[in-house]
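See structure below.
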Amino acid sequence: MNDTQFEVDRDNLEVRITRVFNATPDKLWAAYTKPELIVKWWDNTEVDKNDLKVGGAWRYVSHGGDGSVHAFRGEFKEIEEPKKIVRTFEYEPMAGHVMTETLNLEPVGDGKTKVTTISKFDNAQDLEGMVSMGMKEGSSAGLDRLATVVENI
Amino acid sequence: MDTFQALSDPNRRRIIELIATKGQLTASDISENFKISSSAISQHLKVLREAKLIDMEKRAQQRIYTINTASIHEIEEWARKMVKTWDERFKKLDKLLEDLKKKGGKK
């Protein structure tokens, strides 16, 4: 129970992360959407913009342990409280490589919720780019910086 | 050609599985397992070699293909790191959710 599942689906150019939490969808919705709560479980991250409506902009800024700054941004496409959020995602230094991120919150009984995050890439090169960046960051500066790179996928 | 692009084709993934299962194979061994033409197989093998997912060695008139284990290992290692990163983050989220429940209970 509570195992994190991580799956790379190369046919559909998707990365899926799944986990069951011991909380209701309402609580998870709050943790995923309220800036003051987001920063409690995403290390060294500021929520610069979080305009939670269709067409609204979001932007997070992460601070690496070595002083580096990484900014991520996008636009909300679908919002269905407390079930689903679809938003675009761009890493600012690689603007133009846009992926679509879908968050699904599904009650599974007993007060538990299954959380699925699907990152859909435009093309195989973008998926590979994210992987090689994650590899490089991970091996050169430890998991903190890897986390900075991958946390918004 | 990069790793993920090379792996994005189902036939190429089957070729890798086949070589991994058998240890080493010639191009004609591989072709026997597919309905597509041997020239299409050659093209796939070229892509896989360029992505460093497989190695080729010439012995007499034959080309012997083997898996590049270092490269395959790198992909697995990346996936393992991703799981670790998310596990750590999700543990913090567990704690936050517990705190939210406690606050909710006070009301």
Rounded to the nearest 0.5 angstrom, the CG-NZ distance for A:N22 and B:K101 is 4.0 Å

same_hphob_cluster(A:I79, A:F89) at 4.5 Å side-chain heavy-atom cutoff: yes

Between CD on residue B:E88 and OG1 on residue A:T4, distance to nearest 0.5 Å: 10.5 Å

Should A:V98 and A:F121 be counted in the same cluster of Ile, Leu, Val, Met, Phe, Trp and Tyr side chains packed under 4.5 Å apart? no

Is there a path of hydrophobic side-chain contacts, each under 4.5 Å between heavy atoms of I, L, V, M, F, W or Y residues, that connects A:F76 with A:V86? no

Quick one, A:D43 with B:R89, criterion salt bridge (Lys or Arg N to Asp or Glu O under 4.0 Å). Give me CA distance, side-chain angles, the key distance, then yes/no. CA-CA 8 Å; A:D43 279 345; B:R89 179 164 297 121; over 6 Å; no

Quick one: pull up NZ in A:K34 and CG in B:L100 and give me the separation to the nearest 0.5 Å. 8.0 Å

Rounded to the nearest 0.5 Å, what's the gap from CH2 on A:W42 to CG on B:L96? Could you check? 12.5 Å

Grab the two heavy atoms, one from A:K40 and one from B:K103, that are nearest each other, plus how far apart they are. NZ-NZ, 4.4 Å

How many angstroms lie between CG in B:L97 and CZ in A:F21, if you round to the nearest 0.5 Å? 7.0 Å

Do B:I64 and B:L53 land in one hydrophobic cluster if side-chain heavy atoms of ILVMFWY residues count as linked below 4.5 Å? no

If hydrophobic clusters are built by linking Ile, Leu, Val, Met, Phe, Trp and Tyr wherever their side-chain heavy atoms come under 4.5 Å apart, do A:V39 and B:W86 end up in the same one? yes

Spacing of B:L93 atom CG and A:Y32 atom OH [to the nearest 0.5 Å]: 6.0 Å

Find out whether A:I17 and B:F90 are in side-chain contact, i.e. whether some heavy atom of one side chain is under 4.5 Å from a heavy atom of the other. yes

At a 4.5 Å cut-off on heavy atoms, which part of A:L37 comes close to chain B: side chain, backbone, both, or neither? both

Flag the pair A:K27 and B:D99 as a salt bridge only when some basic side-chain nitrogen lies within less than 4.0 angstrom of an acidic carboxylate oxygen. no

